[in-house]
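Beneath this line is the structure, given in structure tokens, with notes to follow.
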Amino acid sequence: MEPAPEQLKEMYRTMWRIRLFEEEANRQQAFGNVQGSFHMYIGEEAVAVGFCAHLRSDDYIVGTHRSHGHFIAKGGRIERMMAELFGREGGICRGKGGSMHVADFSVGMLGANGIVGGGFGPATGAALASQLRGDDRVTVCFFGDGAMQRGTFHEAINIGAIWNLPVIYVCENNQYQQWIPQRRMTKVTSVRDMAPSYGIPGESVDGQDVLAVSEVASRAIDRARTGGGPTLIECVTYRFHGHSPGDLQEYRDKEEVEYWRTERDPIQLLRTYLIERQQLGEDEDAAIRAAATVEIESAVAFAEASAFPPDEEIVTDVYVDAAAAS
Ligand SMILES: Cc1ncc(C[n+]2csc(CCOP(=O)(O)OP(=O)(O)O)c2C)c(N)n1
Ligand SMILES: [Mg+2]
């Protein structure tokens with residue numbers, strides 16, 4: 001079923017918030033204000049947004065090393081994430097996690113992850129917890145095409161399948177694994193084709209088309225919530241920027257990048273759809289972007305005004321206090 005116009009506009013708004021957040025964060029990174037590693041999600045916004053649009057705030061998601069979009073789509077606070085990137089105390093993890101560890105349990109964002117394929121276990125565990133508690137929460141586990149080659153992929157999905165857990169495994173196939181094209185790393189390029197070996201449904205969807213993602217997401221989430229177990233989904237997408245800052249991108253053609261940026265931009269595709277159906281006017285469109293710009297400017301101000309954590313707390317919240325925990 002197609003989402004209502006208001007719901008579509010909300011998705012459009014969220015995609016802009018992700019894009020403008022990252023464009024600003026990228027600028028701040030160039031100024032030297034972002035501490036640690038930083039991977040951009042621009043180009044892939046429709047995946048996080050298409051899935052999270054169907055999740056409740058008490059549902060769970062687990063991200064990757066490229067998770068600003070997941071965090072925003074799940075309802076995380078933008079200014080807290082900006083402060084986190086700046087390494088400041090006002091950050092969502094008090095400035096000690098950085099870009100690869102954004103997490104906000106209050107909205108069910110269980111965390112990004114610097115370990116490729118590190119999310120399968122925690123996501124499957126969160127779904128097991130829901131099953132044991134008897135609540136009807138679902139968990140969405142986002143992962144990259146590179147993570148398909150990890151052993152954790154097989155182990156966790158097999159457990160999810162055999163125990164019929166309320167989890168959806170979502171591959172963001174952006175066609176590259178750092179600097180290597182996916183086709184050079186695996187003969188089975190779509191995880192959909194791996195689903196039968198776990199005895200669960202598999203789907204593949206155009207990850208630039210938020211309507212298509214939303215449709216597949218809604219079905220899989222309903223299935224998981226009503227006891228139907230996991231689904232393995234591939235979203236075919238593309239990252240518009242390099243793997244991380246400083247990536248010269250010699251492994252892909254400029255024409256290819258240009259094609260995806262101009263013809264397959266998920267935001268422009270939804271914009272055209274909404275304008276053609278007269279569900280979005282030029283003024284409203286401009287107002288959506290202006291509001292997101294203001295929100296992001298105030299996020300930077302919030303981050304700048306926040307202090308660095310004090311030196312004496314450098315390991316607080318980083319290591320468990322063994323004495324206190326026992
Ligand atoms: C276990 C592990 N191996 C290698 C790396 C180094 N590494 C970081 S990102 C990345 C590529 C991941 O590709 P993919 O899963 O497709 O995610 P994408 O970066 O395309 O979003 C690699 C190899 C890592 N972080 N963890
Ligand atoms: Mg990839």
Side-chain angles (χ1 to χ4, degrees), residues 15 18-19 21-22 25-26 29 34 36-52 61-73 97-103 109 111-124 140-157 168-194 204-208 213 232-253 256-257 260-261 264 266:
M15 289 205 281
I18 296 171
R19 177 139 325 170
F21 172 88
E22 281 209 334
N26 192 33
Q29 204 279 338
V34 172
S37 299
F38 176 75
H39 304 89
M40 293 175 76
Y41 193 63
I42 288 182
E44 308 185 24
E45 295 94 338
V47 181
V49 170
F51 272 87
C52 292
I61 63 167
V62 173
T64 66
H65 53 285
R66 197 180 293 291
S67 263
H68 308 142
H70 307 132
F71 178 93
I72 294 174
S99 164
M100 287 205 288
H101 300 103
V102 286
M109 167 51 171
N113 202 318
I115 301 167
V116 171
F120 295 116
T124 305
V140 173
C141 176
F142 295 102
F143 62 99
D145 45 296
M148 281 165 63
Q149 272 80 251
R150 289 295 318 280
T152 50
F153 171 89
H154 168 74
E155 293 170 22
I157 294 179
I168 298 113
Y169 300 102
V170 180
C171 178
E172 303 184 310
N173 183 0
N174 61 13
Q175 305 168 54
Y176 290 90
Q177 310 176 359
Q178 201 151 351
W179 310 304
I180 303 177
Q182 196 218 13
R183 62 181 180 278
R184 277 183 47 203
M185 296 302 288
T186 173
K187 285 206 170 187
V188 179
T189 53
S190 174
V191 283
R192 175 194 48 196
D193 299 334
M194 299 166 92
S204 181
V205 63
D206 177 357
Q208 306 309 92
V213 174
L232 187 49
I233 299 168
E234 172 194 49
C235 300
V236 180
T237 184
Y238 201 80
R239 64 167 157 73
F240 290 180
H241 287 256
H243 174 73
S244 55
D247 176 2
L248 298 175
Q249 302 184 61
E250 286 168 339
Y251 51 85
R252 61 182 188 179
D253 294 338
E256 180 189 283
V257 180
W260 283 85
R261 277 176 175 261
R264 306 289 298 130

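Residues: numbered from 1 along the sequence shown. Counting starts at 1 for both ligands and their atoms, in listed order.
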## Note on the structure
Exactly one of V191, I233, V47 clears side-chain contact (heavy atoms from CB on, under 4.5 Å) with C171, and that residue is V191
### Task
Can you sort out the partners of F21 under ring-ring contact (aromatic ring centres under 6.0 Å, His included), two or more places apart, ordered by chain and number?
H68
#### Entry: Side-chain donor-acceptor pair present, Q182, T189, cut-off under 3.5 Å
no
### Message
Just checking F51 against H70, ring centres under 6.0 Å apart?
### Response
no
### Task
Would you give the length of the straight line joining atom CD of E45 to atom CD1 of I72, rounded to the nearest 0.5 angstrom?
9.5 Å
Check: every ligand 1 N/O to protein N/O pair under 3.5 Å:
from, atom 1, to, atom 2, distance (Å)
ligand 1, 7 (N), Q178, OE1, 3.2
ligand 1, 15 (O), G146, N, 3.0
ligand 1, 15 (O), A147, N, 3.3
ligand 1, 16 (O), D145, N, 3.3
ligand 1, 16 (O), D145, OD1, 2.9
ligand 1, 16 (O), G146, N, 2.8
ligand 1, 16 (O), Y176, O, 3.2
ligand 1, 19 (O), H65, NE2, 2.7
ligand 1, 19 (O), R66, NH2, 2.8
ligand 1, 20 (O), N174, OD1, 2.9
ligand 1, 20 (O), N174, ND2, 2.8
ligand 1, 20 (O), Y176, O, 2.8
ligand 1, 21 (O), R66, NE, 2.8
ligand 1, 21 (O), N174, ND2, 3.3
ligand 1, 25 (N), G114, O, 2.9
ligand 1, 26 (N), V116, N, 3.1

### Message
Suppose the criterion is side chain to side chain donor-acceptor pair (under 3.5 Å): which pairs have a residue in residues 237-248, not counting sequence neighbours?
### Response
R66-H243, Q208-T237, Y238-R252, Y238-E256, R239-Y251, D247-Y251
### Task
May I ask you to list the protein N, O or S atoms found at less than 2.8 Å from the Mg ion (ligand 2)?
D145 OD1, N174 OD1, Y176 O
### Message
I'd like to know whether the aromatic ring centres of F120 and F143 sit less than 6.0 Å apart in this structure.
### Response
yes
#### Entry: Pair D145, Q175: side-chain N/O donor-acceptor within cut-off below 3.5 Å
no
### Message
I want to check something: taking the side chain as every heavy atom from C-beta on, are R19 and F240 in contact at a cut-off of under 4.5 Å?
### Response
yes
